[in-house]
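Data block below; observations after.
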Amino acid sequence: MVSRFIGKIKVYTGALKFKLYSAFGIMLLLIAMSTATAVLLAVKQVIIVQVGQSRIDVLKQISERSNIIKNNLITVINLYKYNTDLDLYLSQTESGDILKNISELDEKRKDFDVVFKDIGFEYDIVIQGENGFVYSSYEEGSYDFDGLKTQLWYKKSYDEQGDMSFVSYKNSFIREKEKAAYVFGGFSKIKDASGNVLGSILVSVDENVLESLYSGFETQGNVYIFDKKGNVVSSGDKSILGKNMIGAENFRKLYGNGSSHIIKKLGKYYFLSNCYDSQTGWTIVEEIPCEIMFSVLINMTGYLAVSMVVFLFTAAFISYEQAKRISHPIANLCKSMQMVSSGEFICVREENACNEVLALEKSFNTMSEKIKVLLKDIKNNEKEKRKSEIDFLRAQINPHFLYNTLFSIQCMAELNKNEQAVKMIKAFIALLRKTLSTDRDLIPLVEELENTKSYLELERIRYLNIMDYEIEVSNELETCYVPALILQPIVENAIFHGLEAKSSGGLIVVEVFKDGDDLLINISDDGKGMDSHRLKEVRARIDLDEDEAKKSIGLVNVSGRIKINFGKEYGLTIDSEEDIGTCVSIRLPIIKGTKYEDTYSG
């Protein structure tokens, strides 16, 4: 069962149609996959370029807004720094004057605040003088000025030679606040006309002010800002505020300036865009998760998958039809070749085949027609040859039969048995009319039995009625066709070699019956019979080939004619026992009228 199934699979997969279908299918599948991949990559690249450019434009706008904040810081610092009253406050040492100065400074700050609140800029200020003067915009007594001085960034800013520096730090110097906020500030030293340092001023804004720069823009990721040293100044993710990420220089080496990249971070992919602001020294970065950014591409992949399935079904149908169109004519040609090998000659007609197949069909049809004509000629030649051989064998029987019969009539005349001689001549004339006048190879069995019966009547007259005969046949078998003159030579042998050797005469029995698909005719007599040695010789002569049979008459002649007509599986068999009798069996195919006309006529 399994081997037969495997065999069927091998036959199917080995067929041209399957190979063409597979080739077309694989080719179209590769085209579909290549096209889908190319489309996805192209769309992905378009998204990267377009989204990247749009995000960089957004970051540039954020950068411009950050410059506004920075400029506002500078403006505030300069308003205080270059105020002559502030120089005076930082120069005085009396405590009474200091309190008065703080009060006046509060009034000035209120005036400044009115202006900056109109433009939406809120700030905090811290001033420290070398003379011990301190001032902050926070509630009195709530600011830790001494703690501020201990900060490393404060010391570095104080020691720098520049006019102004910008810092971001965690504002943990307000005593009453439970949680310190991150702030961004501008720091500057205050000097007198001689260049002596009188104190310092620190103006800061809350980190939320920086966050407002980008919170107004639509974003699906996290935006953060870090300074030159890599410290995060502002971020939507508050957990990274103040942490050191990467230096600005190193960042630009890795990712460039004003560019976009796909990066892998903590096992996930992000679309990173950046913009460096040379005025503030800040690098503004946006990280968008790729699954969000490429959500359109993911949806598009689903549509492409559906389209590919539809395309593949369509491609499979087209491949099948194309493979069928190519292989069908070739398959028909192969079938026609098989039919030719079995003897059926047909012409192949394929209108829609390709030129090469049409050329093959034309050549095949020409070859088939030539073979058909050639086989017909060979068949006709074989038929003529067979007819000549049969005619030759019949020609051997006829003179032999004539000689024996005429000799019997002569004997009757010499014995003055004129009445018997006349009866024999009449029976002989009737027999000649039936047998010698026909030119057919095969005749109905009933006709052959009638001829045999006429011959037996002749011999019965000759032997003075001491010989008798019986013929047994069913009506069903009388219509079968048999070769002409196959019974008379055997009956003749039975008389001359079997009964004539007995003084008492004897009986000849002809039986016809069906043996499977064959016709069996037994001719038996109760004559002298043969010993085993003689039987062996007779059997050997019966088995002579066709060429030897042409030289013989009687049993050998009949056997040869049957084998020429029907093949070596048919013919004669003989059995005999001395002083008991002999039986000759003739085996023939059963041939009815229609089959005879189709096979042996013409």
Side-chain angles (χ1 to χ4, degrees), residues 8-59 218-222 254-275 285-334 350-360:
K8 287 182 178 180
I9 291 177
K10 287 183 178 179
V11 170
Y12 179 75
T13 55
L16 176 63
K17 181 179 179 180
F18 176 81
K19 293 182 182 298
L20 288 173
Y21 178 66
S22 301
F24 285 134
I26 292 172
M27 180 181 68
L28 291 174
L29 177 62
L30 291 176
I31 292 174
M33 293 181 65
S34 301
T35 303
T37 304
V39 169
L40 289 175
L41 290 176
V43 172
K44 181 180 179 181
Q45 190 61 33
V46 168
I47 290 174
I48 290 174
V49 172
Q50 293 187 349
V51 173
Q53 188 58 50
S54 67
R55 302 321 297 171
I56 290 172
D57 292 340
V58 169
L59 296 182
E218 183 179 352
T219 179
Q220 295 176 311
N222 180 43
L254 286 175
Y255 304 113
N257 180 26
S259 59
S260 299
H261 300 274
I262 294 177
I263 64 169
K264 188 175 183 180
K265 182 179 177 181
L266 300 176
K268 293 185 177 181
Y269 289 93
Y270 295 86
F271 185 72
L272 182 145
S273 303
N274 73 88
C275 177
V285 180
E286 181 184 43
E287 293 179 356
I288 303 176
C290 284
E291 63 264 21
I292 297 176
M293 176 180 168
F294 294 121
S295 60
V296 175
L297 188 63
I298 294 172
N299 294 334
M300 186 178 178
T301 303
Y303 292 130
L304 276 176
V306 174
S307 301
M308 274 193 66
V309 171
V310 174
F311 174 81
L312 288 176
F313 275 107
T314 306
F317 175 76
I318 294 173
S319 300
Y320 177 81
E321 290 298 321
Q322 188 68 10
K324 181 180 176 182
R325 191 180 74 85
I326 295 174
S327 63
H328 184 70
I330 298 177
N332 285 343
L333 191 60
C334 291
E350 292 289 344
E351 300 295 335
N352 298 323
C354 57
N355 294 335
E356 291 78 4
V357 175
L358 289 175
L360 284 174

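Since the model is a prediction, treat every value here as computed from it, not as a measurement. Keep in mind that the numbers below use all heavy atoms, side chains included, and drop hydrogens, waters and symmetry copies.
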Checklist outcome for this item: Taken to the nearest 0.5 Å, the spacing of Tyr270 OH from Glu291 CD works out to 7.5 Å

Next on the checklist: If I compare all heavy atoms of Leu272 with all of Asn274, which pair ends up nearest, and what's the gap?
Outcome noted: CD2-ND2, 4.1 Å

Item to check | Between CD on residue Gln53 and CG on residue Asp57, distance to nearest 0.5 Å | outcome: 5.0 Å

Next on the checklist: Using modelled atom types and a 3.5 Å cut-off, is there a donor and acceptor pairing between side-chain atoms of Ser54 and backbone atoms of Val51?
Outcome noted: yes

Item to check | CD1-CZ distance between Ile288 and Arg55, expressed to the nearest 0.5 angstrom | outcome: 5.0 Å

Checklist entry - For Tyr255 and His261, which heavy atoms make the closest approach, and how far apart are they? => result O-NE2, 2.9 Å

Item to check | Over all atoms of both residues, closest heavy-atom pair of Phe271 and Cys290 | outcome: N-SG, 3.9 Å

Checklist entry - Looking at Ser273 and Ile56, what are the two nearest heavy atoms and their distance? => result CB-CG1, 4.3 Å

